[in-house]
Engineer: 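First, the structure itself, so that you have it in front of you.
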Amino acid sequence: MSSSLVTTTPTHRQHPPSIDRLTFLVDKSKSIKHLLQTHALLLRHGLHHHPILNFKLQRSYASLGRLDYTVALFQRTHNPSVFFWTSIIHSHAQCGLHDLALMYYTQMLTNGVEPNCFTFSAVMKTCPLRPGKALHSQTIKLGFDSDLYVRTGLVDVYARAGDVVSARQLFDTMPEKSLVSLTAMITCYAKRGEVEEARVLFDGMEERDVENAGGEIKPNELTVLSLLSACGQLGALESGRWLHSYIENNGIQVNAHVGTALIDMYSKCGSLEDARLVFDMINEKDVVAWNSMIVGYAMHGFSRDALQLFHEMCRLSCQPTDITFIGVLSACAYAGLVSEGRAFFSSMKDEYGIEPKIEHYGCMVNLLSRAGQLEEAYEFVKNMKIDPDPVLWGTLLGACRLHGNITLGEEIAEFLLGQNLANSGTFILLSNIYAAAGNWDGVARVRTLMKHSGIQKEPGCSSIEVDNKVHEFLAGDRRSPRSKEIYMMIKEMNQWLKAHGYTPQIDTVLHDLGERERSNPLKFIVRNLLLLSG
DNA sequence: TTAGGGTTAG
């Protein structure tokens, strides 16, 4: 790789450009071609070993995605200082090459070079490869842990590991907060689904608490992103709308990233119209924005809109990704477009060069089995180039339940048990297949088997937001202080449903429900929903 | 001459 690097014999001119001028030229080289020309100029003047220029060259190659050139230059650097080591660690960490970044860090220590604050900031990007705690003690030992950037990095390390207690403790004892540490904390809460906690921190930015040297800390594009994502996951439409108006009223730019998070939030909360309004307003849509809207339509059964958007995207020369095809194939599955789905599946690789992943095979199984082509779906799985995973088997078993195909369901379940691939979902699905066929002995056998193997099904959970508070419900849940009113309302809704001619489909529901529960349609809907979500 | 936070998925 180093062979392609510029090699020119130095020739000394009378008036070489100043170091400042050359530094400026390196910084301004925004393409590889341009940078190579500047590099050649440095070589001509024999200035490529100048510490600042050499350093800048290494950084620029890395930022243009040519880590190979950076490494080649680094290897030729005589006695690299802590600046160079930190930079090579940072470049690798930035590209996700965590093990290599760590290797350079170890080499640096072996060479007797003392790390500094910047080194720790770079190494912290390699977590969770390197346990946060070990790194934390090292920063304390060297007295760097109160440095703003190091502390922010530590908060982020613990936050990303989901250790909200340690992250919060480090955050609370920060001598001065930074927007980045706040965003890291908010993201941590949001990822855990603790939207209220995240909101408290977010609101705190507005009001009081946050003390920093530069005065008030204002949320920016990045701060709202994970919060929006959490609203979507919890179906918290009110919070999501509030955040949207906050964005509009506080000069936060609705760029492609924020726009995508808004599209995702609205579509997950079921408001496709709002999602589309945001989508249409994004000026420079990237592929993630297109994907988000296509997937949003597909998941809600708006297959025509999803496919229309896909064609529009291709017309505008936006290259689809593997996620685009998740949306496209799901859209076909919802609309029963079997031959179109097959064609899209083939075109993924043939036309777009995208290798189908397990998810795409899952979409195809879904597509075929929804269309009643269960045997074809099973054949498809057996002939797959990659190993099926539990989710895919679950899709197939779910299809067996839907079509009441006990024989195939049993065959698959036995295969999974034999291969030690069965999970709680396998048992529940098998049990449901028996229930669907009225085979209560089969149901009882599965229940006994589950008991003996100590397998328990995690209860499914659903949530709803009322007055900015997210409420969670499990089947038969009576934890809410207002559960009496809730169940009264369920009763009322049941009566309404019955009066309007709703007949519950009770055959697929688990055996352990009493007759009274079985005749309660809404409970069945809820229960089935919970089973599906579990 | 060096540093930290984010969005789409069967």
Side-chain angles (χ1 to χ4, degrees), chain A residues 19 23 26-27 50-60 62 81-91 93-94 115-125 144 147-157 159-160 178-188 190-191 219-230 232 255-265 267-268 275 282 286-296 298-299 321-327 329-330 333 356-367 388-396 398:
Chain A
I19 299 297
T23 310
V26 177
D27 283 341
H50 185 281
I52 296 175
L53 294 172
N54 183 7
F55 182 82
K56 288 267 180 189
L57 268 181
Q58 292 192 27
R59 294 304 305 246
S60 297
S81 66
V82 64
F83 295 124
F84 284 86
W85 283 106
T86 301
S87 175
I88 200 91
I89 294 167
H90 179 255
S91 304
Q94 193 84 355
N116 61 20
C117 293
F118 299 96
T119 323
F120 280 109
S121 277
V123 179
M124 270 187 282
K125 277 183 159 271
F144 294 143
D147 172 86
L148 180 66
Y149 282 82
V150 171
R151 179 62 76 92
T152 302
L154 283 169
V155 169
D156 183 49
V157 162
R160 268 190 296 173
S178 64
L179 175 57
V180 179
S181 60
L182 248 166
T183 305
M185 247 358 277
I186 288 173
T187 301
C188 180
K191 285 248 148 62
N220 65 6
E221 284 83 8
L222 276 69
T223 323
V224 297
L225 282 176
S226 46
L227 209 43
L228 280 171
S229 165
N255 56 20
H257 288 185
V258 175
T260 302
L262 281 167
I263 292 169
D264 180 55
M265 181 276 292
S267 64
K268 286 221 173 81
I282 303 173
D286 60 6
V287 66
V288 187
W290 285 97
N291 286 352
S292 188
M293 196 64 235
I294 290 172
V295 169
M299 298 309 160
T321 66
D322 53 338
I323 295 171
T324 320
F325 282 95
I326 302 261
L329 294 174
S330 307
K357 290 190 193 167
I358 189 86
E359 288 89 344
H360 302 98
Y361 285 98
C363 288
M364 287 306 288
V365 170
N366 198 17
L367 171 78
D389 69 351
V391 185
L392 195 122
W393 286 120
T395 309
L396 205 50

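Chain identifiers are assigned alphabetically (A, B, ...) following the order of the sequence lines, protein sequences preceding nucleic acid strands; residue numbering begins at 1 within each chain. Bear in mind the structure is a predicted one, so any value in this text is a computation, not a measurement.
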Engineer: Which nucleotide, B:dT8, B:dT1, B:dG10, lies nearest any side-chain atom of A:K268?
Structural biologist: B:dT8

Engineer: On the side chain of A:D322, is there an atom forming a donor-acceptor pair with the base of B:dG10 - under 3.5 Å, no angle test?
Structural biologist: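 By the distance-only test, no, there is no pair.
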
Engineer: How close or far is atom P of B:dG4 from atom CD1 of A:I186, stated in whole angstroms?
Structural biologist: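 Roughly 19 Å, once rounded to whole Å.
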
Engineer: Keeping the roles fixed (side chain from A:T395, backbone from A:V391), state whether a donor-acceptor pair exists under 3.5 Å.
Structural biologist: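 It does hold such a pair.
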
Engineer: Find the distance A:L227:CG to B:dG5:P and express it as a whole number of Å.
Structural biologist: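 After rounding, the gap between these two atoms is 18 Å.
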
Engineer: For A:F55, enumerate each residue passing the ring-ring contact (aromatic ring centres under 6.0 Å, His included) test, keeping only those at least two apart in sequence or located in another chain.
Structural biologist: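 If we apply the ring-ring contact (aromatic ring centres under 6.0 Å, His included) test to A:F55, skipping adjacent residues, the hits are A:F84.
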
Engineer: Can you check the A:L148 CG to B:dA3 P distance for me, whole Å?
Structural biologist: 14 Å

Engineer: Answer with base, sugar-phosphate or nothing: what part of the nucleic acid does A:R59 contact at a heavy-atom distance below 4.0 Å?
Structural biologist: sugar-phosphate

Engineer: Base, sugar-phosphate alone, or nothing: which one does A:T86 contact when heavy atoms must sit under 4.0 Å apart?
Structural biologist: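 The residue A:T86 makes base contact.
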
Engineer: With a 3.5 Å cut-off and just heavy-atom distances, do the side chain of A:S330 and the base of B:dG10 make a donor-acceptor pair?
Structural biologist: no

Engineer: Rounded to whole Å, please give me the gap between CD1 in A:I323 and C1' in B:dT8.
Structural biologist: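 Distance check: A:I323 CD1 to B:dT8 C1' gives 5 Å.
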
Engineer: I want to check something: taking the side chain as every heavy atom from C-beta on, are A:L392 and A:D389 in contact at a cut-off of under 4.5 Å?
Structural biologist: yes

Engineer: Could you check whether A:V295 gets within reach of a base, just the sugar-phosphate, or nothing at all, counting any heavy atom under 4.0 Å?
Structural biologist: sugar-phosphate

Engineer: Quick one: label A:H90 by what it contacts on the DNA or RNA (base, sugar-phosphate, nothing), any heavy atom closer than 4.0 Å.
Structural biologist: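 Answer is sugar-phosphate: A:H90 comes under 4.0 Å of backbone atoms only.
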
Engineer: Is there a donor-acceptor pair closer than 3.5 Å between any side-chain N or O of A:S292 and the backbone N or O of A:V288?
Structural biologist: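 Here the side-chain-to-backbone pair does not exist.
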
Engineer: Nearest to the side chain of A:I52, which nucleotide is it out of B:dT1, B:dT8, B:dG4?
Structural biologist: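 So the side chain of A:I52 is nearest to B:dT1.
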
Engineer: What is the distance, to the nearest angstrom, from the CD1 atom on A:I263 to the P atom on B:dT8?
Structural biologist: 12 Å

Engineer: Looking for any heavy atom pair under 4.0 Å, which part of the strands does A:T223 touch: base, sugar-phosphate only, or nothing?
Structural biologist: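 Touches a base.
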
Engineer: Within this structure, what is the CH2-to-C1' distance between A:W393 and B:dG10, rounded to whole angstrom?
Structural biologist: 15 Å

Engineer: When all nucleic acid strands are considered with a 4.0 Å heavy-atom cut-off, which category describes A:N220: base, sugar-phosphate, or nothing?
Structural biologist: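 Base contact.
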
Engineer: Select base, sugar-phosphate, or nothing to describe what A:D389 touches, counting heavy atoms under 4.0 Å on all strands.
Structural biologist: base

Engineer: Without swapping roles, check the side chain of A:N220 against the backbone of A:T223 for a donor-acceptor pair under 3.5 Å.
Structural biologist: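 The answer is yes, because a donor-acceptor pair under 3.5 Å joins these two groups.
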
Engineer: Is the base of B:dA3 stacked against the aromatic ring of A:F118, taking ring centres under 5.5 Å apart and planes under 30° as the test?
Structural biologist: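 Stack criterion not met.
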
Engineer: Round to the nearest Å and state the distance from A:I282 atom CD1 to B:dT7 atom P.
Structural biologist: 16 Å

Engineer: Side chain of A:D147 only, heavy atoms from C-beta on: which candidate in B:dA3, B:dA9, B:dG10 is closest?
Structural biologist: B:dA3

Engineer: Check salt bridge (charged side-chain N to carboxylate O under 4.0 Å, His left out) between A:R160 and all other residues, then give those that pass, not counting sequence neighbours.
Structural biologist: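 Partners of A:R160 by the salt bridge (charged side-chain N to carboxylate O under 4.0 Å, His left out) criterion, ordered by chain and then number, come out as A:D156.
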
Engineer: Output the single nucleotide from B:dG4, B:dG10, B:dT7 whose closest atom is nearest the side chain of A:S178.
Structural biologist: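 Out of B:dG4, B:dG10, B:dT7, the nucleotide with an atom closest to A:S178's side chain is B:dG4.
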
Engineer: Looking across every strand, which nucleic acid part, if any, lies under 4.0 Å from A:L329 by heavy atom: base, sugar-phosphate, or nothing?
Structural biologist: nothing

Engineer: From the list B:dA3, B:dT8, B:dG4, which nucleotide is the closest neighbour of the side chain of A:D156?
Structural biologist: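 So the side chain of A:D156 is nearest to B:dG4.
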
Engineer: Using whole Å, report how far CG of A:L57 lies from P of B:dT2.
Structural biologist: 15 Å

